[in-house]
Amino acid sequence: MLRLTFIASIVFFMASCGSVYVSPKVDARDGKVRVLPVNAETVLVANRAQYNPKQLPAVFFQNAGGAGAARGAGAVPPASLDVQQRPSAMTLRIPPAVTPGPYQIGVGDVLLLATKRSGNTVEELSGLLAAQNARQGYTVQDDGAIAIPDVGRVVLEGLTLEEAEAQLFQSLVQSQIDPTFSLEIAEFNSKRVSLGGAVSNPTVAPIRLTPLYLDEALAVAGGISTEDLDFASIRIYRDGTLYQIPLEEYLRRGDLQKVRLVDGDSVFVDTEFELDKAQAYFEEQITLAQFRQQARVQALAELNAEVNLRRASLTEARSNFKDRVDFDAVDRDFVYLTGEVSKPGRFTMPFGRQASLADAIYSDSGFTAETANPSQIYVLRGSSNPADFGAVTAWHLDARNAANMTLATRFEMQPNDIVFIAEQPITRWNRAFRQIFPLLINSANVATNG
């Protein structure tokens, strides 16, 4: 019994001295290792090291919809017709009433002058016939006068018919000619009103001795000719001013039909909205819309084909890159995990972003809660200075207080960092015991048999 006790004491003494089981640890006694606690200040110091994460190839940031402009059937021809806007309401602007007075003879009028002719008794008895035979037409010349044989030129422009008769009487008496005569206007050519627009027969209507009213002038032009009566208007241009009478108002009110026209008026029947033109416009717009639709369909088909080709190319390029990653044929950055971790190995640093200590610890190969000592978590980082070759900074994280794990989320990893997690004391003794237990049994057997 004393022998067994002695053997056991020797075994446990050897285990306590590390002779039986050796576990790794961070040792700063050789001066090459500098141990720094991980706290808010040292995290900032550790993160000063510049590191640019590896980036994914550009093919992962491209999309299949980035093709050039869609190709279609070319530019759409411009419309030959302009759109017409129906007026919401037409303004009634009536020309002011005029009283031009009696007709005044003007240039171009043809005057018919009838004088008494001498003859026998029979001819005198048939004076009417003689008067008819003695009629002579005279045109008022551009100087406002007519030329009468044996009398000369008599200015009659601007005179009323009564004033013209008095002027002729005086001229005949002065020429010692019998002043028996009659005067009338045969042709009215000096005062006119023009009519155009939506009328059957655009024309020029003369102003005679009697007043010329709007309805009479339109009748001379054959009447209004338009299918869209609701949006037609009669426009009168007089002395630089434009007046307007909506056709609906004109047909409804008799006073508008009796608007008196004067010399120089221009009457234009305007259709604000022409049905034929509108129909042609919309037919043209439908044709252009069909053309655009066909162009869009063609362009969309071409775009879909190009997008599909680009998508297939991108998919193939990405798949090839993933295969290279799977075969470890891509240059990557790694952090190495050792000590009490689920699976010693390396943690691959992600593309395009920084990785933290927490990412490494809680990866698939990371921290194991059963055997790992949370108070002994280290990040071992070698010096980048060639003069300090072999120098190591050990950043020590004590996670016995779980709140300190928030520092692990802010601690940025660098390529080739080593995350070392020490074992718990009970784990060390358990492993030592498992190694010496067979020796203890053998020694006991030897002692028993001896």
Side-chain angles (χ1 to χ4, degrees), residues 95-119 123 126-197 199 201-222 236-243 258-268:
V98 292
T99 53
Y103 184 86
Q104 295 179 343
I105 299 171
V107 175
D109 287 344
V110 177
L111 304 180
L112 191 61
L113 178 64
T115 59
K116 183 179 179 181
R117 301 177 62 184
S118 59
E123 292 174 346
S126 57
L128 179 59
L129 180 60
Q132 292 176 350
N133 292 335
R135 288 185 176 186
Q136 179 65 43
Y138 299 95
T139 301
V140 179
Q141 304 298 318
D142 53 1
D143 61 351
I146 62 174
I148 303 175
D150 301 330
V151 176
R153 302 186 68 79
V154 181
V155 178
L156 300 179
E157 181 185 9
L159 303 179
T160 65
L161 196 57
E162 184 178 357
E163 293 171 344
E165 289 176 346
Q167 181 66 28
L168 285 174
F169 180 84
Q170 183 178 359
S171 298
L172 291 174
V173 170
Q174 290 176 355
S175 300
Q176 297 181 356
I177 298 176
D178 186 1
T180 303
F181 68 92
S182 64
L183 181 67
E184 59 182 278
I185 303 175
E187 297 180 14
F188 297 86
N189 298 322
S190 63
K191 296 174 176 56
R192 295 177 295 179
V193 173
S194 62
L195 297 104
V199 292
N201 183 29
T203 187
V204 175
I207 295 179
R208 304 178 184 274
L209 296 178
T210 57
L212 179 63
Y213 296 105
L214 181 57
D215 58 348
E216 297 173 357
L218 292 174
V220 172
I236 302 174
Y237 186 77
R238 176 185 296 172
D239 296 333
T241 303
L242 185 64
Y243 304 96
K258 292 302 179 182
V259 171
R260 185 172 180 176
L261 303 177
V262 297
D263 179 34
D265 284 354
S266 295
V267 179
F268 186 86

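The chain is numbered in sequence order, starting from 1.
With no hydrogens or angles considered, no side-chain donor-acceptor pair links Asn201 and Thr203 at under 3.5 Å. Judged purely by distance below 3.5 Å, without hydrogens or angles, the side chains of Tyr237 and Ser194 never pair a donor atom with an acceptor atom.
For the pair Leu159 and Ala164, the tightest heavy-atom approach, listed with the atom from each and the gap, is CB-N, 4.1 Å. Closest of all the heavy-atom pairs between Leu212 and Val193 is CD2-CG2, 4.1 Å. Contact detail for Arg192 and Asp263: the closest heavy-atom pair is N-OD1, 3.1 Å. When every heavy atom of Leu112 is checked against every heavy atom of Gly137, the shortest pair comes out as CD1-N, 3.9 Å. Heavy atoms only, all atoms of each residue included: Ser190 and Gln104 are closest at OG-O, 4.5 Å. The two residues Pro102 and Thr160 make their nearest non-hydrogen contact at CB-CG2, 3.9 Å.
The number of heavy-atom neighbours closer than 6.0 Å to CG of Asp239, taken from other residues, nucleotides and ligands shown, is 12 or below. Around CZ of Phe181, the count of heavy atoms belonging to other residues, nucleotides or ligands within 6.0 Å exceeds 12.
Checking each of Leu195, Ile236, Val98 against Leu261 for a side-chain contact (heavy atoms from CB on, under 4.5 Å) leaves exactly one that passes, namely Ile236.
For the atom pair CG of Asp150 and OG of Ser171, the computed distance is 13.0 Å after rounding to the nearest 0.5 Å. Once rounded to the nearest 0.5 Å, the distance linking CD1 of Ile146 with CD1 of Ile105 reads 8.0 Å. Here CD of Glu216 is found 6.5 Å from OG1 of Thr210. Values are rounded to the nearest 0.5 Å. Atoms CG and CD, from Leu172 and Gln167 in turn, are 10.5 Å apart once rounded to the nearest 0.5 Å. With rounding to the nearest 0.5 Å, the separation of CD in Glu165 from CD in Glu184 is 10.0 Å. Interatomic distance, Tyr138 OH to Leu156 CG, rounded to the nearest 0.5 Å: 11.5 Å.
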* Decide yes or no on side chain to side chain contact (heavy atoms under 4.5 Å, CB included) for Leu111 and Val140, but give the supporting numbers first. => CA-CA 7 Å; Leu111 304 180; Val140 179; 4.1 Å; yes
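At least one donor-acceptor pair under 3.5 Å links the side chain of Gln141 to the backbone N or O of Thr139. When atom types are taken as modelled, the side chain of Asp109 and the backbone of Asn189 share a donor-acceptor pair closer than 3.5 angstrom.
A search for salt bridge (Lys or Arg N to Asp or Glu O under 4.0 Å) contacts involving Arg208 returns nothing, not counting sequence neighbours. The salt bridge (Lys or Arg N to Asp or Glu O under 4.0 Å) check on Arg238 picks up Asp265, with sequence neighbours excluded.
Side-chain contact between Leu161 and Leu183 is present, with at least one heavy-atom pair separated by less than 4.5 Å.
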